[in-house]
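Here is the naming used below: chain letters follow the sequence lines, and residue numbers restart at 1 for every chain. Predicted, not measured: the structure shown is a model, and the values here were computed from it.
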Protein chains: 2
Amino acid sequence: MTRKKVKLAFIANDSSRKATYKKRKKGLMKKLNELSTLCGINACAIIYSPYDSNPEVWPSNSGVQRIISEFRTLPEMDQNKKMVDQETFC
Amino acid sequence: MTRKKVKLAFIANDSSRKATYKKRKKGLMKKLNELSTLCGINACAIIYSPYDSNPEVWPSNSGVQRIISEFRTLPEMDQNKKMVDQETFC
DNA sequence: AGAACTATCTATAATTT
DNA sequence: TAAATTATAGATAGTTC
């Protein structure tokens with residue numbers, strides 16, 4: 001996306017792929033932090049990769065645990081359909 | 001970030017905040033999709049907001065469920081420390 | 001292997017429709 | 001309100017050190 005447009009496909013070259021991963025992971029975490037701060041919302045992200053020994057998370061392990069606990073309390077069906085009461089709000 | 005620099009703070013104006021949320025959420029999901037594709041990694045994100053009746057997720061509800069299940073299988077301590085065997089790989 | 005640089009691509013704030 | 005536009009801030013591919 002800069003010196004040349006990047007084709008949206010797996011980067012075959014190992015070192016290029018790792019370099020891109022490190023840069024983009026950093027950028028993504030920054031974006032998520034900005035979204036959360038600017039809009040006052042809760043969010044989390046978990047990223048697995050061979051480059052990090054443990055999953056990279058945002059905002060923190062405890063923050064992720066809190067949000068996924070909430071996510072799991074949603075009945076399976078409600079995770080896909082709109083809920084009427086909140087629909088009214090939006 | 002464009003016509004004017006944005007201060008990293010909660011956007012007080014309701015309509016501006018909502019507009020920013022919608023744009024940035026879309027951008028974030030695109031970035032996560034790109035990271036996953038380019039680098040061949042597994043990742044997920046969950047975003048809660050008053051603008052969407054249900055949490056917005058990437059890549060899908062089932063994908064999120066799969067990844068958080070894996071995350072939860074990590075012993076609490078391992079979620080923060082480096083693991084020696086993978087350290088060698090990186 | 002990284003850290004830094006920089007040219008240029010992308011995301012998006014403000015504006016218009 | 002929401003979608004489209006556009007000017008500009010930000011992210012990053014390729015390169016250098």
Quick one: which of B:K31, B:R24, B:K23 gives a salt bridge (Lys or Arg N to Asp or Glu O under 4.0 Å) with A:E34? B:R24

In whole Å, what is the span from the [atom1] atom of [X] to the [atom2] atom of [N]?
X	N	atom1	atom2	answer
A:M29	D:dA11	CE	C1'	16 Å
A:L35	C:dA11	CG	C1'	13 Å
B:K18	D:dA3	NZ	C1'	14 Å
B:L28	C:dT10	CG	C1'	14 Å
B:L38	C:dC9	CG	C1'	14 Å
A:L8	C:dT10	CG	P	11 Å
B:E34	D:dA11	CD	P	14 Å
A:R17	D:dA13	CZ	P	14 Å

dist A:S49:OG -> A:K18:NZ (nearest 0.5 Å) comes out at 9.0 Å

For the CD atom of A:E56 and the NZ atom of A:K22, what is their distance to the nearest 0.5 Å? 8.0 Å

Which protein N or O atoms sit under 3.5 Å from an N or O of nucleotides 14-17 of chain D?
residue, atom, partner, partner atom, Å
D:dG14, O6, A:K23, NZ, 2.7
D:dG14, N2, A:R3, NH2, 3.3

Side-chain N or O of B:K22 versus OP1/OP2 of D:dT1: is the shortest distance under 4.0 Å? no

Whether A:K26 contacts D:dA11 is assessed here as follows: a side-chain N or O lying under 4.0 Å from the phosphate OP1 or OP2. Is that the case? no

For B:S69, side-chain hydrogen bond (donor to acceptor under 3.5 Å, both in side chains) partners two or more places apart: A:R72

Can you hop from A:L8 to A:I11 via hydrophobic side chains spaced under 4.5 Å? yes

Answer yes if the side chains of B:D14 and B:S16 hold a donor-acceptor pair under 3.5 Å, and no otherwise. no

Of all residues at least two apart in sequence or in a different chain, which pass the ring-ring contact (aromatic ring centres under 6.0 Å, His included) check with A:Y21? A:Y51

Applying a 4.0 Å non-hydrogen cut-off, can you work out what B:S15 is touching in the nucleic acid: base, sugar-phosphate, or nothing? nothing

